[in-house]
J.: 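The following block contains the structure, expressed as structure tokens.
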Protein chains: 2
Amino acid sequence: MGSRVEKETPLRRDARRNREMLIAAAREIYSDQGVDAPLDDIARRAGVGSATLYRRFAGRAELIEAVFGDSLRDILRAAEEARSAPDAWAGLTAYLERIFGLLAADRGTNDLMTTGIQGVPSLDALRAENHKTLDVLLRRAQQQGAARPDVTAEDLQFLLAALGRAVPGSTVAAPLAWRRYLALLLDGLRPEGSHPLPAPSLTSDQLGAAMLQLGKVRRPRTGRAD
Amino acid sequence: MGSRVEKETPLRRDARRNREMLIAAAREIYSDQGVDAPLDDIARRAGVGSATLYRRFAGRAELIEAVFGDSLRDILRAAEEARSAPDAWAGLTAYLERIFGLLAADRGTNDLMTTGIQGVPSLDALRAENHKTLDVLLRRAQQQGAARPDVTAEDLQFLLAALGRAVPGSTVAAPLAWRRYLALLLDGLRPEGSHPLPAPSLTSDQLGAAMLQLGKVRRPRTGRAD
DNA sequence: CACTAACCGGGGGAATCTCTCCGGTTAGTG
DNA sequence: CACTAACCGGAGAGATTCCCCCGGTTAGTG
């Protein structure tokens, strides 16, 4: 993986152009179909052969990194910013609303944030930042009496992934339905009328394992002969 | 798809035996891997050729029906029973706990109840009964002041599917973690400290479409969505 | 115990997807 | 404008999975 010196051999103009076309095509297709979309589809959409795709990117993870690197960095910055809200609950709400908006708008971003995709450096950074943000805001909200004290950042991450994963389904018919479910989730996090939670929260490692599983869902086929 | 069952031609003994072996094998494999497991795997586990499987069952849906018919009928009865609880909230809680227990224990049942698999008659009956149960219990709980008035049965079904879909992931590392998340969800449904919900609830049709999407991870056929 | 309709498993075609090989083409330079 | 290293796309190998065809086998009957 050590191709740290790409600068000394600049790509020829046609190669560079194809690389851009591939990234643009991947961005569109990922947005519609998610990051599991066939790589051949992406190559075709870019108007190049599949060999060219594999020549420019070692595999799916590297293409994802190229496509989402920038937008993930944007989210990262938003997370950092959210942490500075004086009213922690308001900050948490705004942050989650922003995240859900992204999950609803782009299937690829959704896959990235709700499953345990491995091998994308920017994604690891985002996950760490996301955890930190939720942890900080939740703790502060708890101190401020706005959030129930027995809920953890891992709980929030799990629920975010679980709900987020379902969002694209509802988005087809009702683009803004996610607001309703996020509001319901948030109300469950408030201290008023809360009942003690059973079972311990997931550990960070357990959460990672759970999210890895979330991605491994293959589609059930039921009607084959149509 | 008129599969008029001809009871007048009873299966030969070897054929009947193979049929039972196939159902038993499918039950085990579905439980581990979900209902999208390769049919060839099931045939191999049953010790027969794949042709035998296709000879006994028209396709995946018919095998699912044969495997889960009985257990689905059990759930159906439990639903009917839950509706008669005097304390609607207690009934609702008990019902959801029962459902989540099943979703956590069996991946096949999970697929059946959290996605929009088509072509399985028992499943359609179960979905109808499930909706009715949630609707009745929720309304009664609202009248009794135990549930917030602005939540609908469709909301509950959506959240049930969304959370249920994520349960198997957490089950690997922490078998009882789902209790925690169900408790959190339930607290969000209580009237104390609830805030008005934005956006309208999904309609029944929209919910159906959303659940259909939950199962589909990959793109449809060549070209358009079906 | 012989007969035959029903049954059986393996093998293979078709579709899909990942990744590589190879002969032809082109960008950039002297 | 000629040269060549870099680049290109199509074709295809290999894997996976659904589904059916075909020649051999067996359960049940007279």
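So you know, we letter chains A, B, ... as the sequences are listed, proteins then strands, and number each from 1.
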J.: Could you report the tightest heavy-atom contact between B/R60 and B/V35, atom names first, then the distance?
T.: NH1-O, 2.8 Å
J.: Please state whether the base of D/dG9 and the side chain of A/R55 form at least one donor-acceptor pair under 3.5 Å?
T.: yes
J.: Select base, sugar-phosphate, or nothing to describe what B/A15 touches, counting heavy atoms under 4.0 Å on all strands.
T.: sugar-phosphate
J.: Give a yes or no on whether the backbone of B/R179 and the side-chain of B/E97 come within a donor-acceptor separation of less than 3.5 Å.
T.: no
J.: Between D/dA27, D/dC18, C/dA27, spot the one nearest the side chain of A/R13, thanks.
T.: C/dA27
J.: Looking at D/dG30, which nucleotide sits across from it as a Watson-Crick or G-U wobble partner, both distances under 3.5 angstrom, or is there none?
T.: C/dC1
J.: Name the residue closer to the 5' end of DNA chain D, choosing between A/A51 and B/S50 according to the nucleotide with the nearest heavy atom.
T.: A/A51
J.: So, is A/R60 near the phosphate of C/dT18, with a side-chain N or O under 4.0 Å from OP1 or OP2?
T.: yes
J.: How is A/R56 classified with respect to the nucleic acid when contacts are heavy atoms under 4.0 Å: base, sugar-phosphate, or nothing?
T.: sugar-phosphate
J.: From the options D/dG28, D/dC19, D/dG9, select the nucleotide whose nearest atom is closest to the side chain of B/L39.
T.: D/dC19
J.: Assess, by modelled atom type and distance only, whether the side chains of B/S71 and B/D74 contain a donor and an acceptor separated by less than 3.5 Å.
T.: no
J.: Choose from D/dC18, D/dC7, C/dG9 the nucleotide whose nearest atom is closest to any side-chain atom of B/V48.
T.: C/dG9
J.: Out of D/dT17, D/dC8, D/dT26, which has the shortest distance to the side chain of B/P38?
T.: D/dT17
J.: How long is the span from the CD atom in B/Q157 to the CD atom in B/E154, to the nearest 0.5 Å?
T.: 6.0 Å
